[in-house]
Amino acid sequence: AQSVTQPDIHITVSEGASLELRCNYSYGATPYLFWYVQSPGQGLQLLLKYFSGDTLVQGIKGFEAEFKRSQSSFNLRKPSVHWSDAAEYFCAVASKGAQKLVFGQGTRLTINP
Amino acid sequence: EPEVTQTPSHQVTQMGQEVILRCVPISNHLYFYWYRQILGQKVEFLVSFYNNEISEKSEIFDDQFSVERPDGSNFTLKIRSTKLEDSAMYFCASSVRGSLYNEQFFGPGTRLTVL
């Protein structure tokens with residue numbers, strides 16, 4: 001069965017600093033991978049997704065993620081965070097042909113001014 | 001920009017009572033989903049719905065749960081006899097098509113508290 005682990009429940013970074021949120025997945029074949037963000041009072045918004053091809057994926061709001069098959073990872077990065085990036089971030093995996101997403105536990109990001 | 005809406009934002013109910021959580025998906029979307037997140041746990045898939053039928057459901061989605069599209073705009077999740085362990089945030093989502101090549105758009109969630 002597919003599963004996703006986000007090892008960091010809560011991360012605090014300073015505004016302007018770089019960010020990396022970790023995501024590890026368990027799945028036998030090549031997975032479909034996603035990062036979602038949830039701001040307070042808002043729904044989950046898709047930041048980026050990986051299906052195949054280039055392992056470095058660009059998303060919205062200046063985020064990128066890199067698929068590393070050898071490490072079963074799909075870490076999210078941003079070179080310089082802004083106060084508005086404070087939110088909950090969810091990594092998710094799905095299998096080809098499936099409709100459902102399997103989510104990680106989420107990482108809450110706090111930004112220090 | 002079109003968005004998925006959910007009502008109410010917070011529902012408090014007594015154990016054993018029936019609750020209906022409501023969602024208005026994006027108007028041209030054909031596939032609808034419910035997920036839930038128990039506090040401190042992962043977001044979990046409950047059910048997907050297409051063409052007035054359940055297309056996939058998880059083990060969580062037992063006989064206590066049902067979904068319905070009563071009219072052209074609403075998509076509802078009914079819990080017949082709520083239990084304490086049903087307390088969670090419930091998210092509705094919709095997509096144009098069922099393939100994951102099509103993004104699932106999520107609503108802001110309904111927080112259900114069962115006392």
Exercise answer: donor-acceptor pairs, residues 21-29 of chain B side-chain atoms, under 3.5 Å, sequence neighbours excluded:
residue: B/His29; atom: ND1; partner: B/Ser94; partner atom: O; Å: 3.4
residue: B/His29; atom: ND1; partner: B/Ser94; partner atom: OG; Å: 2.7
residue: B/His29; atom: ND1; partner: B/Ser95; partner atom: N; Å: 3.4

Problem set entry | Selection from B/Cys92, B/Ser9, B/Gly107 maximising heavy-atom pairs under 4.5 Å formed with chain A | B/Gly107
Exercise. Looking just at side-chain N and O atoms, do A/Gln99 and B/Ser48 make a donor-acceptor pair shorter than 3.5 Å?
Worked result: yes
Exercise. Sub-3.5 Å donor-acceptor pair from the side chain of A/Ser72 to the main-chain atoms of A/Ser26, do we have one?
Worked result: no
Seminar exercise, completed: The interface call for A/Gln38 against chain B, heavy-atom contacts under 4.5 Å, is side chain
For this session: Return yes if some donor-acceptor pair links the side-chain N/O of B/Asp62 with the main-chain N/O of B/Gln64 below 3.5 Å, else return no.
Result: yes
Exercise. By a 4.5 Å heavy-atom criterion (distance strictly below it), what part of A/Val4 contacts chain B: side chain, backbone, both, or neither?
Worked result: backbone
Problem set entry | Student check: side-chain heavy atoms of A/Val93 and A/Tyr32 closer than 4.5 Å | no
For this session: Can you tell which part of B/Tyr31 gets under 4.5 Å to a heavy atom of chain A, answering side chain, backbone, both or neither?
Result: side chain
For this session: Measure distances from B/Glu3 to the heavy atoms of chain A and classify the residue's part below 4.5 Å as side chain, backbone, both or neither.
Result: neither
For this session: Not counting sequence neighbours, which residues clear side chain to side chain donor-acceptor pair (under 3.5 Å) with A/Gln71? List them please.
Result: none
For this session: Assign the ring pair B/Tyr35 / B/Tyr33 to parallel, tilted or perpendicular, where the plane angle (0 to 90°) is split at 30° and 60°.
Result: tilted
Exercise. Heavy atoms under 4.5 Å from chain B: which residues of residues 11-20 of chain A carry them?
Worked result: none
Under 3.5 Å, side-chain donor or acceptor atoms of residues 108-115 of chain B against the rest of the protein: list the pairs with distances, not counting sequence neighbours.
residue: B/Thr110; atom: OG1; partner: B/Pro8; partner atom: O; Å: 2.5
residue: B/Thr113; atom: OG1; partner: B/His10; partner atom: NE2; Å: 3.1

